[in-house]
Amino acid sequence: QDSISLSKTKFFSEKTIDGRGSVAWFRAINECNKLGVKFCFFDNSATDRDLGMFNKLLECYKVDTNAVLLTLSGNVHNRIVPINDVKTKGCYMNERFGNKVCSINHINNGGTMFSRTSNGLKVHTVAPTDNIFTTSTNYDSYYLPNIFNITEYTGFFYTKTMTASLPRTK
């Protein structure tokens, strides 16, 4: 899919309601397209949204069972244990694929983010805080396998400072 076709997709042609249809997402997907990466967009409006996401991903997997599925979703959707007794996409993936699932939670130390909060959809500034991810190394970003007693994710990706990416305009 070329950049013109990509810009006409529902995801990038309609007004964003939560900040996902950003310039950064568009550029990342467009560059991956140039490398021949195949995409499976899995968001849906099913009654059980996470089960619907899993079923769409399973359809894509069945097309090529040797494929590596890399999903990008919110941190609730990629949890591999239920939240408030409700299964997530990550739970379904974990049940189907077991220890082949790597569920990474993105941790940051503040910065700016274009997202929807109780204050609306806009650029928000998040203040830095000291925690084990910010104080244990000087790296600006890194991956850490889950060495903690945390069952929701198999690893963490840390970014020192987030920078807002605004919505892509037509």
Crowded around N138 CG? As in, over 12 foreign heavy atoms under 6.0 Å? no
For the backbone of I150 and the side chain of N146, can you confirm whether one donor and one acceptor N or O come within less than 3.5 Å of each other? yes
Answer with yes or no whether the side chains of H106 and T159 bring together a donor and an acceptor at under 3.5 Å. yes
Check whether S103 reaches the backbone of N78 with its side chain - one donor and one acceptor, N or O, closer than 3.5 Å. yes
When you compare the side chain of M113 with that of N108, does any pair of heavy atoms fall below 4.5 Å? yes
Give the minimum heavy-atom separation between V81 and C91, together with the two atoms involved. C-SG, 3.2 Å
CG of D130 to OG1 of T135: how many Å apart, nearest 0.5 Å? 6.5 Å
Apply side-chain hydrogen bond (donor to acceptor under 3.5 Å, both in side chains) to residues T71 and K89 and explain how you reach the verdict. CA-CA 10 Å; T71 68; K89 173 189 60 74; 3.1 Å; yes
Counting only heavy atoms not in N99, do more than 12 fall under 6.0 Å of its CG? no
Does atom CD1 of I132 have more than 12 heavy-atom neighbours, drawn from other residues, nucleotides or ligands, at distances under 6.0 Å? no
Chi angles and distances behind the side chain to side chain contact (heavy atoms under 4.5 Å, CB included) call for F42, S73: CA-CA 10 Å; F42 56 91; S73 63; 4.2 Å; yes
Measure the acute angle between the ring planes of F156 and F133, then classify it against the limits of 30° and 60° as parallel, tilted or perpendicular. tilted
Step by step, work out the side chain to side chain contact (heavy atoms under 4.5 Å, CB included) result for H77 and R49. CA-CA 9 Å; H77 299 295; R49 186 171 169 217; 3.7 Å; yes
Any side-chain heavy-atom pair from L6 and N33 closer than 4.5 angstrom? yes
Search all heavy atoms of D50 against all heavy atoms of K87 and return the closest pair with its distance. CB-O, 3.9 Å
Common cluster, V101/L57, ILVMFWY with side-chain heavy-atom separation under 4.5 Å: yes
Residue pair T154 / I80, side-chain heavy-atom distance below 4.5 Å: yes
List the residues meeting side chain to side chain donor-acceptor pair (under 3.5 Å) with T163, not counting sequence neighbours, and say none if there are none. none
Rounded distance [0.5 Å steps], CZ in F41 versus CG in L72: 10.0 Å
Got S141 and Y158 here, is their nearest side-chain heavy-atom distance under 4.5 Å? no
From CA spacing to verdict: side chain to side chain contact (heavy atoms under 4.5 Å, CB included), Y142, L144: CA-CA 7 Å; Y142 60 89; L144 180 67; 4.2 Å; yes
Aromatic centroids of F157 and Y143 separated by under 6.0 Å: no
Quick one: do T134 and T129 satisfy side chain to side chain contact (heavy atoms under 4.5 Å, CB included)? Show the steps, please. CA-CA 8 Å; T134 64; T129 58; 5.7 Å; no
Check whether any side-chain heavy atom of I104 lies under 4.5 Å from a side-chain heavy atom of Y153, and answer yes or no. no
Establish whether Y61 and Y92 are linked, either directly or via other cluster members, by ILVMFWY side-chain heavy-atom contacts under 4.5 Å. yes
If you look at every heavy atom in H124 and K122, which pair is closest and at what distance? CD2-O, 2.9 Å
For the residue pair F12 and S22, what are the closest heavy atoms and their distance? CE2-O, 3.7 Å
To the closest 0.5 Å, what do you measure between CZ (F39) and CG (L70)? 9.0 Å
Say whether, by atom type as modelled, one donor and one acceptor occur between the side chain of T125 and the main chain of T112 under 3.5 angstrom. no
Any side-chain heavy atom of F54 sitting closer than 4.5 Å to one from E95? no
Where do R116 and L121 come nearest, in terms of heavy atoms and distance? N-CD1, 3.7 Å
May I ask you to test the R168-S7 pair for a side-chain heavy-atom distance under 4.5 Å? yes
Smallest heavy-atom separation, S3 atom then F26 atom, equals O-CZ, 3.6 Å
For K56, all residues meeting side chain to side chain donor-acceptor pair (under 3.5 Å), sequence neighbours excluded: none
Give a yes or no on whether a salt bridge exists between R20 and D43, defined as a side-chain N under 4.0 angstrom from a carboxylate O. yes
Does the side chain of M53 reach to within under 4.5 Å of the side chain of N44, using non-hydrogen atoms? yes
Look at the side-chain heavy atoms of Ile, Leu, Val, Met, Phe, Trp and Tyr, link any pair under 4.5 Å apart, and say whether L51 and L58 land in one connected group. yes
